[in-house]
2 protein chains.
Amino acid sequence: MPKETFYNLSEEKRNRFVQIALEEFAYRDFQAASITQIVKKLGIAKGSVYQYFDDKLDLWLYLKKYSEEIKISYITSLKREDYPNFWEYYRAMYLHGINFDLEHPLCSLLLYRIGFKESSEQVKPYLHTWKEEAKIFFRQWIEAEKKLGTFEEGIATDIIVHFLLTMSLSITELLQDRYHIDFEKNISEGKPLFGKNKEELIKAVNDLIFLMERALKIN
Amino acid sequence: MPKETFYNLSEEKRNRFVQIALEEFAYRDFQAASITQIVKKLGIAKGSVYQYFDDKLDLWLYLKKYSEEIKISYITSLKREDYPNFWEYYRAMYLHGINFDLEHPLCSLLLYRIGFKESSEQVKPYLHTWKEEAKIFFRQWIEAEKKLGTFEEGIATDIIVHFLLTMSLSITELLQDRYHIDFEKNISEGKPLFGKNKEELIKAVNDLIFLMERALKIN
DNA sequence: TAAAAAAATGACTACATAGTCATTTTTAAC
DNA sequence: GTTAAAAATGACTATGTAGTCATTTTTTTA
């Protein structure tokens with residue numbers, strides 16, 4: 001938990017601090033990310049960081065929570081009852097969720113790293129939490145949908161969860177392959193993530209969901 | 001490239017060296033992996049490593065190539081014409097490929113890390129090579145299969161490639177979820193990767209391929 | 001056995017890191 | 001304007017790292 005000193009900072013200062021810290025932790029391993037580099041970029045003394053946070057882990061945990069809270073606010077805003085069927089809802093959620101990535105690319109990168117790439121010993125205990133939570137959420141959801149006859153009978157819930165999550169999370173790779181978009185580069189250069197139009201993105205989402213639907217729906 | 005001194009080593013010494021080095025690089029980032037720890041485990045002097053290799057990167061590149069060559073030897077041993085259709089062949093290749101993971105778990109982990117988790121600046125130029133090669137290989141293969149009517153028309157080749165690769169590589173996660181297998185732990189403790197039977201594994205593969213087939217095949 | 005070549009050694013350099021803390025500067029209170 | 005609390009500072013410690021190289025040990029050659 002950050003110390004009071006951190007919360008006493010002006011919003012401007014605090015945001016700047018978070019932004020630069022996110023940059024460092026989004027692009028590097030916990031181990032490789034450097035407090036020294038952060039203070040250099042910020043032009044502040046190293047001691048300041050330790051006026052704000054207990055240690056490196058404390059800062060990392062703050063950034064993780066910060067990003068998660070923003071992400072959750074994006075996900076929970078759509079309601080199932082506003083959509084005629086599961087796949088319409090899923091498509092809408094998917095596209096809506098991508099707004100998080102577009103509007104908070106550093107948070108998105110950090111969570112991606114935490115979910116998939118991180119392997120530093122110091123943060124191991126904190127790695128799988130959000131993925132586990134996502135799985136629990138998906139599991140409940142899919143069990144409810146099963147009663148509505150959304151999915152082919154006989155396909156186990158765990159494999160539906162696995163399948164949907166895996167496919168959903170693979171979209172960035174598909175976009176990189178298809179349109180040669182280098183997200184990390186675009187973000188670090190301050191460029192928009194999608195050049196002129198979001199249509200490429202929408203097409204990729206539709207192509208993926210088309211396959212998911214074929215794989216899972218009742219014939 | 002390793003120096004001549006390395007190849008002059010007795011097979012026993014060389015294998016031991018490779019084994020311990022693989023362990024270090026399989027479990028840690030390039031940056032985090034430590035030559036100092038390797039020589040401690042081996043009980044040799046640090047200077048020896050630099051009699052064998054130019055530097056840390058040289059050692060890493062050797063281990064990468066070493067693992068890739070073993071993996072390739074597993075993949076290229078099955079022939080398409082021995083199978084009645086694409087999905088039978090794919091299933092066989094898949095199960096056969098898993099033998100690589102079972103018999104060379106450290107190599108498998110290293111390649112997994114290189115393909116998905118690595119982000120150290122020093123090795124960036126060498127990261128995407130094998131995945132790109134896999135994609136080229138898949139692309140050719142799928143284009144040939146398309147002529148045989150294996151896939152639903154209208155599904156673009158690039159999304160089939162993406163879909164098959166993504167699903168195939170997700171199997172370890174499914175197994176971890178389903179049977180709570182901790183591969184890294186089992187490997188580091190020298191335990192077999194699958195307790196008593198490989199049937200769990202085969203079931204998981206079949207479940208995944210079932211979905212892939214539903215998604216892609218002609219109705 | 002003696003000389004020459006090859007291999008192993010480990011103290012050492014140069015550098016980077018997280019975290020500390022006595023001191024100074026800034027801000028707030030009166 | 002004076003005092004007290006809060007915040008910022010940066011030199012410093014302790015620790016880890018990759019890589020070097022003169023020296024010693026082992027192996028090979030003659």
Side-chain angles (χ1 to χ4, degrees), chain A residues 1-18 20-25 27-64 118-124 126, chain B residues 1-18 20-25 27-64 118-124 126:
Chain A
M1 266 189 7
K3 297 177 180 174
E4 218 172 296
T5 321
F6 180 67
Y7 292 113
N8 290 342
L9 252 56
S10 71
E11 212 181 307
E12 201 187 327
K13 266 193 183 179
R14 209 170 53 243
N15 286 344
R16 191 169 131 72
F17 183 94
V18 169
I20 301 288
L22 271 174
E23 251 172 58
E24 186 66 17
F25 281 97
Y27 291 113
R28 301 171 184 282
D29 232 324
F30 176 82
Q31 177 135 183
S34 160
I35 305 288
T36 307
Q37 293 308 315
I38 291 172
V39 298
K40 264 191 197 167
K41 276 193 203 169
L42 283 166
I44 64 170
K46 199 168 195 179
S48 294
V49 175
Y50 295 89
Q51 302 266 45
Y52 306 154
F53 296 91
D54 287 336
D55 52 23
K56 195 180 176 184
L57 180 62
D58 192 32
L59 170 56
W60 184 83
L61 284 169
Y62 172 75
L63 295 173
K64 177 171 177 276
E118 188 64 65
S119 60
S120 305
E121 206 58 48
Q122 299 105 310
V123 296
K124 274 233 171 103
Y126 309 100
Chain B
M1 264 188 10
K3 296 177 182 173
E4 219 172 295
T5 320
F6 180 66
Y7 293 114
N8 290 342
L9 253 57
S10 71
E11 212 181 307
E12 202 188 327
K13 266 193 183 177
R14 209 170 53 241
N15 286 344
R16 191 169 130 71
F17 183 94
V18 169
I20 301 287
L22 271 174
E23 250 171 59
E24 185 67 17
F25 282 98
Y27 291 113
R28 303 171 182 284
D29 231 325
F30 176 82
Q31 176 136 183
S34 161
I35 304 288
T36 308
Q37 295 306 317
I38 291 172
V39 297
K40 266 191 196 167
K41 277 192 200 168
L42 282 166
I44 63 171
K46 199 168 195 179
S48 295
V49 174
Y50 295 89
Q51 300 267 43
Y52 306 153
F53 296 90
D54 286 336
D55 52 23
K56 195 181 176 184
L57 180 62
D58 192 30
L59 170 56
W60 184 83
L61 285 169
Y62 171 76
L63 295 172
K64 175 171 178 278
E118 187 65 64
S119 59
S120 305
E121 206 58 49
Q122 298 104 310
V123 295
K124 275 236 170 103
Y126 308 100

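Quick note on labels: first sequence line is chain A, next is B, and so on, each numbered from 1.
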*asked:* Is any side-chain heavy atom of A:K3 closer than 4.5 Å to one of A:Q51?
replied: no
*Can you find a pair of side-chain heavy atoms, one from A:R28 and one from A:Q37, that are under 4.5 Å apart?*
no
*Could you tell me whether A:Q37 contacts a base, only the sugar-phosphate backbone, or nothing, with contacts defined as non-hydrogen atoms closer than 4.0 Å?*
sugar-phosphate
*Has the side chain of A:E24 got a donor or acceptor atom that lies under 3.5 Å from a matching backbone atom of A:I35?*
no
Detail all sub-3.5 Å separations between protein N/O atoms and N/O atoms belonging to nucleotides 8-11 of chain D.
from, atom 1, to, atom 2, distance (Å)
D:dA8, OP1, A:K13, NZ, 3.1
D:dA8, OP2, A:Y52, OH, 2.9
D:dA8, N7, A:Q51, NE2, 2.3
D:dT9, OP2, A:A45, N, 3.1
D:dT9, OP2, A:S48, OG, 3.4
D:dG10, O6, A:G47, N, 3.4

_Between P on D:dG16 and CD on A:E121, what's the gap in Å once rounded to a whole number?_
15 Å
_Distance in angstrom units between A:I35 CD1 and D:dA14 P, rounded_ = 21 Å
*Measure from the side chain of B:K56, starting at C-beta and using heavy atoms only, and say which of C:dG19, D:dA18, C:dT17 lies closest.*
D:dA18
*Ion pair present between B:R14 and B:E11, side-chain N to carboxylate O less than 4.0 angstrom?*
no
*Could you tell me the separation between the CZ atom of B:F17 and the P atom of C:dA7, rounded to a whole number of Å?*
14 Å
*To the nearest Å, give me how far apart CG (B:D58) and P (D:dG19) are.*
10 Å
*asked:* Using a 4.0 Å heavy-atom cut-off, does B:A33 contact any base of the nucleic acid, only the sugar-phosphate backbone, or nothing at all?
replied: sugar-phosphate
_Ring centers of B:Y62, B:Y52 separated by less than 6.0 Å_ = no
_A side-chain contact here means heavy atoms from C-beta on lying under 4.5 Å apart; do A:D55 and A:D58 qualify?_
yes
*Test item: B:F6 and B:V18 side chains (from C-beta on) under 4.5 Å apart, heavy atoms*: yes
*Below 4.5 Å, heavy atoms only, C-beta onward: do A:K124 and A:E121 meet side chain to side chain?*
yes
*According to a strict under-4.0 Å criterion, is B:N8 in side-chain N/O contact with OP1 or OP2 of C:dA7?*
yes
*Options C:dT17, D:dA7, C:dG19, nucleotide nearest the side-chain atoms of A:Y50*: C:dG19
*Round to the nearest Å and state the distance from A:Q31 atom CD to D:dT17 atom C1'.*
11 Å
What are the atom names and distances for every N/O pair under 3.5 Å that joins the protein to nucleotides 26-30 of chain C?
none

*Are any of B:S34's side-chain N or O atoms less than 4.0 Å away from OP1 or OP2 of D:dA18?*
yes
*Above 12 or not: heavy atoms from other molecules or residues under 6.0 Å from NZ of B:K40?*
no
*Out of C:dT17, C:dG19, D:dG19, which has the shortest distance to the side chain of A:D55?*
C:dG19
*Could you state the atom-to-atom distance from CD of B:E4 to C1' of C:dA7 in whole Å?*
13 Å
*Round to a whole Å and report the spacing from CZ of B:F53 to C1' of D:dT20.*
18 Å
*Decide yes or no for B:F25 and B:K56: does some side-chain heavy atom of the first lie under 4.5 Å from some side-chain heavy atom of the second?*
yes
_Can you measure A:Q122 atom CD to C:dG19 atom P for me and round it to whole angstrom units?_
9 Å
